[in-house]
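Working notes, beginning with the structure itself.
Worth knowing before you read on, the calculation uses all heavy atoms, side chains too, and leaves out hydrogens, waters and symmetry mates. Numbering starts at 1 and runs along the sequence shown. A quick note: this is a predicted structure, and the numbers were derived from the prediction, not measured.
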Amino acid sequence: MLFNSLEFSLFLPIVFLLYWFVTKHHLKAQNTLLLIASYVFYGWWDWRFLSLIIFSTSVDYLVGIGLSKTEDSKKRKGLLWISIFVNLGLLGIFKYYNFFAENFADAFTFLGGSIDPARLDLILPVGISFYTFQTLSYTIDIYRNKLHPTEDMLAFFAYVSFFPQLVAGPIERATNLLPQFFRQRQFNYQNALRGVTQIIWGLFKKMVIADNCAFIVNQIFSDYSNYSGSTLVLGAIFFAFQIYGDFSGYSDIAIGTGRLFGFELKTNFSYPYFSRDIAEFWRRWHISLSTWFRDYLYIPLGGSNGPTRKTIRNIFIIFLVSGFWHGANWTYIFWGGLNAIYFLPLLLSKKNRQHLDLVAEDRWFPNFKEILGMLSTFLLVSIGWLFFRAENLTEAFDYFSIICSASIFEKPYAFGIGIEKIGITGAAIFLMVGIEWLGRRKDCPIWVDTKRSLPMQWLICYFVCMMIFLFGAPQQDFIYFQF
């Protein structure tokens, strides 16, 4: 079920009313309703894959119980490996089997042999990369004695499948989200209004920004060889805002929906395009995934402690694995490696944590150095997005080579798209950037203090809704559904 669909616009109010008016005073009833609603939400896409999430959740629930009942190190490691094997095994079969089979066949052919690998004609289950990492963090934290396992099966199943963030995050740790299923939730009008506001802002970023950008980007990338370098630059810029509007928009809707039910989800995006270097960008982009890899991969590998060569190795491992997490394609792996190259100079010069504050925190406008930093970071990120968007590495390098040609100085000519479409989308992007700059100190830029400005809050929401109604593009899937 898509957040931007008619089905969800009916589903959400029904669940909301049942939750606060029928099960209001009964915690287990609320959790039961959320579990059923989550399975309906997920099964709406393909009910057969409910068996996967139920199986994965059951394994990790039992592993957690098992870890709590033994102090034997060998048994504890064995239980942990069961969780890792089951979760990554399912992810590997559905997401990576064909990739490895095809590349093995290519390598065999390169060496002079011939092999026809068996392919699995499988549909990638929506959200499998997200809930796999969510359940893995649970068992790993119990193994590390950082978390006590729960024996409440209902609460645990509801935690894993919580529908607002089930399909595309944020990837919630059990230490944050699971305890919220044990606390009595009381309806809070102001918190609900914050949720509605963030949902509206997320829909604006998805339907007005991302989906309109998608129309332009798809046209340019599908026929890039016939466009000038200057036009391809526009395609790269529009894709940078497409993926941001699409993914951060999903996170906003998820966080806002969670608030409607009395839950606080972690911030997943913190205005990443206002970053002054690539290290700051990765502290602000897909925060739940970046911190997951930091805590469960980078630090266990040794992090930045030890000799320089080991630090370089760890940086490349974490970025390459992050790229591979996004998809079974060499383009994602290259994208990850490229970001590792971007990151290394900052790390080796010990400047990777020089921008921990908010840009122009006490000022209306950034200074020249900050502007230069933000523009250069956006340029590097946009080059990386070319490889993320391309179908294969050949297409990505061809696209980039045209940008680097003399045609970059030609007037952009986007035949088949229309100057009006480009102009309206560009104006919407400019509006979004302006609003986010003014509201960058808040988790939702269009939120105001409702105690003093309740009419203003509703006026802003009404204005954004009108923008969605007037300029929202036809319904499209979220980009990260394929991951």
(message) Please determine whether salt bridge (Lys or Arg N to Asp or Glu O under 4.0 Å) holds for the pair D295 and R173, giving the CA-CA distance in whole Å, both sets of side-chain angles, and the decisive distance to 0.1 Å.
(response) CA-CA 11 Å; D295 294 342; R173 309 284 182 90; 3.0 Å; yes
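- Using a 30° and 60° split on the angle between ring planes, F94 and F49 fall in the perpendicular class, above 60°.
- The main-chain N or O of A174 is found under 3.5 Å from a side-chain atom of Y159 such that the two form a donor-acceptor pair.
- Side-chain contact annotation: N339 with W282, donor-acceptor N/O pair under 3.5 Å present.
- Under the 3.5 Å distance criterion, the side-chain polar atoms of R440 are left unmatched by any main-chain donor or acceptor of I435.
- Proximity of a side-chain donor or acceptor of Y298 to a complementary backbone N or O of N314 within less than 3.5 Å is not detected.
- Checked by atom type, the side-chain pair N268/S251 shows a donor-acceptor distance below 3.5 Å.
- For W335 and W325, the ring centers sit 6.0 Å or farther from each other.
- Without hydrogens or angle criteria, Q457 side chain to W447 main chain gives no donor-acceptor distance under 3.5 Å.
- Here the side chain of T231 pairs no donor or acceptor atom with the backbone of P412 at under 3.5 angstrom.
- Looking at heavy atoms from C-beta onward, T425 lies in side-chain contact with F238 at the 4.5 angstrom threshold.
- Using a 4.5 Å heavy-atom threshold, the side chains of Q134 and F130 count as separate.
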(request) Walk me through it: do F319 and F293 pass the test ring-ring contact (aromatic ring centres under 6.0 Å, His included)? (result) CA-CA 9 Å; F319 274 105; F293 279 122; 9.4 Å; no
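- Classification of the F133-W292 ring pair by plane angle, with boundaries at 30° and 60°, yields parallel.
- In this structure, the side chains of Y342 and I383 come closer than 4.5 Å at one or more pairs of heavy atoms.
- The aromatic rings of F241 and F378 lie tilted to each other, with the angle between the two planes from 30° to 60°.
- With respect to the salt-bridge test (charged N to carboxylate O, under 4.0 angstrom), the residues D246 and K205 do not qualify.
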(message) Please evaluate residues Y131 and L52 with respect to the criterion side chain to side chain contact (heavy atoms under 4.5 Å, CB included), reporting the C-alpha separation (whole Å), side-chain torsions for both, the decisive distance (0.1 Å), and the verdict.
(response) CA-CA 11 Å; Y131 70 71; L52 284 179; 3.8 Å; yes
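- A donor-acceptor pair shorter than 3.5 Å cannot be found between the side chains of T267 and S270.
- Once rounded to the nearest 0.5 Å, the distance linking CZ of F261 with CZ of F162 reads 7.0 Å.
- Side-chain contact check for I446 versus F204: every heavy-atom pair is 4.5 Å or farther apart.
- Side chain of Y273 to main chain of A240: a donor-acceptor pair is present (N/O by atom type, distance under 3.5 Å, no hydrogens or angles).
- Atom OG in S228 sits 10.0 Å away from atom CD1 in I403 (nearest 0.5 Å).
- Within 6.0 Å of atom NZ in K421, more than 12 heavy atoms from other residues, nucleotides or ligands are found, so the atom counts as buried in its surroundings.
- For the pair D357 and R276, the salt-bridge criterion is met [side-chain N within less than 4.0 Å of a carboxylate O].
- Closest heavy-atom contact between G256 and Q198: CA-CB, 4.1 Å.
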(request) Begin from the C-alpha positions of F269 and F247 and carry the test ring-ring contact (aromatic ring centres under 6.0 Å, His included) through to its verdict. (result) CA-CA 9 Å; F269 288 83; F247 193 19; 5.0 Å; yes
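- Around atom CD of E420, no more than 12 heavy atoms belonging to other residues, nucleotides or ligands sit under 6.0 Å away.
- Aromatic ring centres of Y250 and F3 lie closer together than 6.0 Å.
- The pair K351-E280 fails the salt-bridge criterion, with no side-chain N (NZ, NE, NH1 or NH2) lying under 4.0 Å from an Asp/Glu carboxylate O.
- The number of heavy-atom neighbours closer than 6.0 Å to CZ of R48, taken from other residues, nucleotides and ligands shown, is 12 or below.
- Using bins of under 30°, 30° to 60° and over 60° for the plane-to-plane angle, the ring pair F41/F11 lands in the tilted bin.
- Smallest separation of non-hydrogen atoms from V359 and F274: CG1-O, 3.8 Å.
- Panel note: side chain T132, backbone S129; no donor-acceptor pair is recorded below 3.5 Å.
- The environment of CZ in F316 is crowded: more than 12 heavy-atom neighbours from other residues, nucleotides or ligands sit within 6.0 Å.
- Under the 3.5 Å distance criterion, with hydrogens and angles disregarded, no donor-acceptor pair is assigned to the side chains of T377 and D277.
- Looking at heavy atoms from C-beta onward, I243 lies in side-chain contact with W285 at the 4.5 angstrom threshold.
- Side-chain atoms of Y271 come within 3.5 Å of backbone atoms of G439 as a donor-acceptor pair (strictly under, hydrogens ignored).
- S38 places a side-chain N or O within 3.5 Å of a backbone atom of S161 that can act as its donor or acceptor partner.
- Looking at every heavy atom in both residues, L265 comes nearest to A254 through CD1-O, 3.5 Å.
- Few gaps surround CZ on R313; more than 12 heavy atoms of other groups in view lie less than 6.0 Å from it.
- Under a cut-off of 6.0 angstrom, the local environment of OH in Y462 is sparse, with at most 12 non-hydrogen atoms contributed by other residues, nucleotides or ligands.
- Ionic pairing of R363 and E370 is present here: one or more N-O contacts between side-chain nitrogen and carboxylate oxygen are shorter than 4.0 angstrom.
- Using a 4.0 Å cut-off between charged side-chain N and carboxylate O, D443 and R259 make a salt bridge.
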(request) Evaluate the criterion side-chain hydrogen bond (donor to acceptor under 3.5 Å, both in side chains) for residue pair S225 and D398; output intermediate values, then yes/no. (result) CA-CA 8 Å; S225 60; D398 286 347; over 6 Å; no
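- No donor-acceptor pair under 3.5 Å is formed between the side chain of Y19 and the backbone N or O of I14.
- Judged purely by distance below 3.5 Å, without hydrogens or angles, the side chains of N218 and R389 pair a donor atom with an acceptor atom.
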